[in-house]
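Everything below concerns the one structure shown next.
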Amino acid sequence: QVQVVESGGGLVQVGDSLRLSCAASGRTFNSYAVGWFRQAPGKEREFVAAISWSGRSTYYADSVKGRFTISRDNAKNTVYLQMSSLRPEDTAVYYCTTDANSYNTGSYYYYTQPATYAYWGQGTQVTVSS
């Protein structure tokens, strides 16, 4: 059974930085692309960032490009989302998820779709206070 666990959320001020971590058990991340999504109250879940299984390709939503960085440490079976210059509109529950298929490569559109992913964590709350 695959479990995905996010950590690192919290309450921060506008302009602060925060690093989220995503770890998986029952599956090694090495062979799978990993995505981050977020959901704010009353809004649909939206794509934030993704990283290919090799780590050579990364993808970002326009709203976070230049502020967020996704990376992976396959030796630790962990994916990170470094968030900088946080804004109140970044407030949401952040979810980590893994591609349903191993060694998959796809377009930007492919990685932005929730249906691409098979296993989701419970989420970690990020609140940016002004």
Side-chain angles (χ1 to χ4, degrees):
Q1 183 177 357
V2 178
Q3 286 191 317
V4 177
V5 180
E6 306 93 339
S7 61
L11 173 63
V12 296
Q13 302 294 313
V14 169
D16 282 352
S17 298
L18 202 60
R19 188 178 78 163
L20 305 183
S21 299
C22 174
S25 60
R27 165 182 280 197
T28 57
F29 269 159
N30 301 20
S31 307
Y32 297 86
V34 174
W36 284 96
F37 286 72
R38 67 186 181 187
Q39 188 167 19
K43 295 188 177 181
E44 292 188 357
R45 190 170 297 190
E46 65 173 0
F47 170 76
V48 176
I51 187 166
S52 63
W53 67 269
S54 66
R56 286 194 287 266
S57 298
T58 56
Y59 309 85
Y60 298 95
D62 288 343
S63 58
V64 307
K65 199 173 295 183
R67 300 188 299 122
F68 290 13
T69 302
I70 189 170
S71 62
R72 65 191 307 155
D73 185 340
N74 284 341
K76 296 183 178 179
N77 210 34
T78 302
V79 171
Y80 303 99
L81 184 68
Q82 179 68 47
M83 306 185 295
S84 303
S85 302
L86 284 163
R87 306 167 179 169
E89 53 264 38
D90 294 320
T91 295
V93 177
Y94 283 71
Y95 298 91
C96 178
T97 180
T98 71
D99 194 335
N101 300 300
S102 61
Y103 301 110
N104 215 6
T105 57
S107 64
Y108 174 84
Y109 176 81
Y110 173 83
Y111 289 110
T112 66
Q113 301 305 299
T116 293
Y117 302 93
Y119 298 99
W120 295 77
Q122 292 299 305
T124 185
Q125 176 70 48
V126 173
T127 302
V128 184
S129 173
S130 57

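Here the shortest heavy-atom pairing between Ala92 and Gln125 reads O-NE2, 3.4 Å. Leu81 and Ala49 get closest at one heavy-atom pair: CD1-CB, 4.1 Å. Nearest heavy-atom pair across Cys22 and Val4 is SG-CG1, 3.5 Å. Across Ala23 and Thr78, no two heavy atoms sit closer than the pair CB-OG1, 4.3 Å.
The side chain to side chain contact (heavy atoms under 4.5 Å, CB included) with Tyr80 is formed by just one residue from the set Leu20, Ile70, Asp73; it is Asp73. Among Tyr103, Tyr111, Tyr32, the one residue that satisfies the ring pair (Phe, Tyr, Trp, His ring centres under 6.0 Å) test with Trp53 is Tyr103.
Side chain of Arg87 to backbone of Val128: no donor-acceptor contact under 3.5 angstrom is found. Side-chain N or O atoms of Tyr95 include none that pairs as donor or acceptor with a backbone N or O of Glu6 at under 3.5 Å. Side-chain N or O atoms of Asn77 include one that pairs as donor or acceptor with a backbone N or O of Ala24 at under 3.5 Å. The closest donor-acceptor contact from the side chain of Thr127 to the backbone of Thr91 lies at 3.5 Å or more, if one exists at all. The main-chain N or O of Tyr110 is found under 3.5 Å from a side-chain atom of Thr116 such that the two form a donor-acceptor pair. Listed for the Arg67 side chain is a donor-acceptor partner under 3.5 Å among the backbone atoms of Ser85.
The environment of NZ in Lys65 is crowded: more than 12 heavy-atom neighbours from other residues, nucleotides or ligands sit within 6.0 Å. Around the CD atom of Glu44, the shell of radius 6.0 Å holds no more than 12 heavy atoms that belong to other residues, nucleotides or ligands.
The shortest distance between side-chain heavy atoms of Lys76 and Ser21 does not fall below 4.5 Å. With contacts defined as side-chain heavy-atom distances shorter than 4.5 Å, the pair Met83/Asp90 does not qualify.
Note: Gln113 CD to Ser107 OG = 8.5 Å, rounded to the nearest 0.5 Å. Here the CD atom belonging to Gln122 is positioned 9.0 Å from the CD atom belonging to Gln3, to the nearest 0.5 angstrom.
Note on ring orientation: taking the six-membered ring where Trp is involved, the planes of Phe47 and Tyr108 are perpendicular (angle over 60°, cut-offs 30° and 60°).
Aromatic rings from Tyr117 and Phe37 are positioned such that their centres are separated by under 6.0 Å.
Both Leu18 and Val34 belong to a single network of hydrophobic side chains, linked directly or stepwise wherever heavy atoms of I, L, V, M, F, W or Y lie under 4.5 Å apart.
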